[in-house]
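What follows is a set of notes on a single structure, which appears directly below.
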Amino acid sequence: MNTEQSTIPVQITEGALLELKRIHKEETEPGQQWLRIGVKGGGCSGLSYILAFDEKKEQDEIFEIDGLPCIINPAHGMYLFGMQIDFKNGLDARGFIFSNPNASATCGCGSSFAV
């Protein structure tokens with residue numbers, strides 16, 4: 001089992017971090033769930049982002065961002081390296097925003113991308 005803490009390949013803005021910590025505190029059992037950052041096949045552009053609280057799997061790399069426990073499957077790193085996750089809570093946008101320098105195309109809603 002991988003228990004080493006690694007450098008996280010993504011940046012999470014202060015606004016996104018506050019929202020993720022709020023969700024983690026309100027919706028998960030203490031010590032039971034990690035923030036999973038990843039990708040999966042699907043969506044308008046071919047790949048969709050994963051940003052959810054989940055149980056750690058053996059292959060996952062461990063990160064901590066300002067006290068928030070995070071995990072990522074190492075195979076997803078090449079799609080996520082350098083990405084920024086932000087959170088907007090305004091009239092023009094509400095939700096998590098993914099800015100990915102590795103994406104060659106992004107769908108209109110911003111939740112899927114192509115490489």
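One is the number of the first residue; the rest follow in order along the sequence.
- Considering only heavy atoms from C-beta on, Y49 comes within 4.5 Å of N100 through its side chain.
- When the shell of 6.0 Å around NZ of K88 is examined, it contains 12 or fewer heavy atoms from other residues, nucleotides or ligands.
- The shortest distance between side-chain heavy atoms of F98 and L51 falls below 4.5 Å.
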Next on the checklist: Determine whether I62 and W34 satisfy the following criterion, side chain to side chain contact (heavy atoms under 4.5 Å, CB included), listing intermediate values before the conclusion.
Outcome noted: CA-CA 9 Å; I62 300 168; W34 302 68; 3.4 Å; yes
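- For P74 against Q59, the heavy-atom pair with the smallest separation is CD-O, 3.2 Å.
- Here the straight-line distance linking atom CG of L35 with atom CD1 of I50 works out to 11.0 Å at 0.5 Å rounding.
- Note that the CD1 atom of I37 and the SG atom of C70 stand 4.5 Å from one another [nearest 0.5 Å].
- At least one side-chain heavy atom of D60 sits less than 4.5 Å from a side-chain heavy atom of N73.
- In this structure the side chain of E19 never reaches within 4.5 angstrom of the side chain of N89, judged on heavy atoms.
- The heavy-atom pair separating I85 from A16 by the smallest distance is O-CB, 3.5 Å.
- With respect to F96, the side chain to side chain contact (heavy atoms under 4.5 Å, CB included) criterion is satisfied by exactly one of L20, I12, T13: L20.
- The two residues P101 and G82 have their closest heavy-atom pair at CD-O, 3.5 Å.
- With sequence neighbours excluded, the residues that form a side chain to side chain contact (heavy atoms under 4.5 Å, CB included) with D54 are R36, K57.
- For Q11, the side chain to side chain contact (heavy atoms under 4.5 Å, CB included) partners are Q84, not counting sequence neighbours.
- Residue M78 is grouped with residue I72 when hydrophobic side chains (ILVMFWY) are merged at heavy-atom distances under 4.5 angstrom, including chains of intermediate members.
- More than 12 non-hydrogen atoms from other residues, nucleotides or ligands lie less than 6.0 angstrom from CD of E26.
- One finds the CD atom of Q33 at 8.5 Å from the CD1 atom of I71 (value rounded to the nearest 0.5 Å).
- Residues satisfying the salt bridge (Lys or Arg N to Asp or Glu O under 4.0 Å) test with E14, not counting sequence neighbours, are none.
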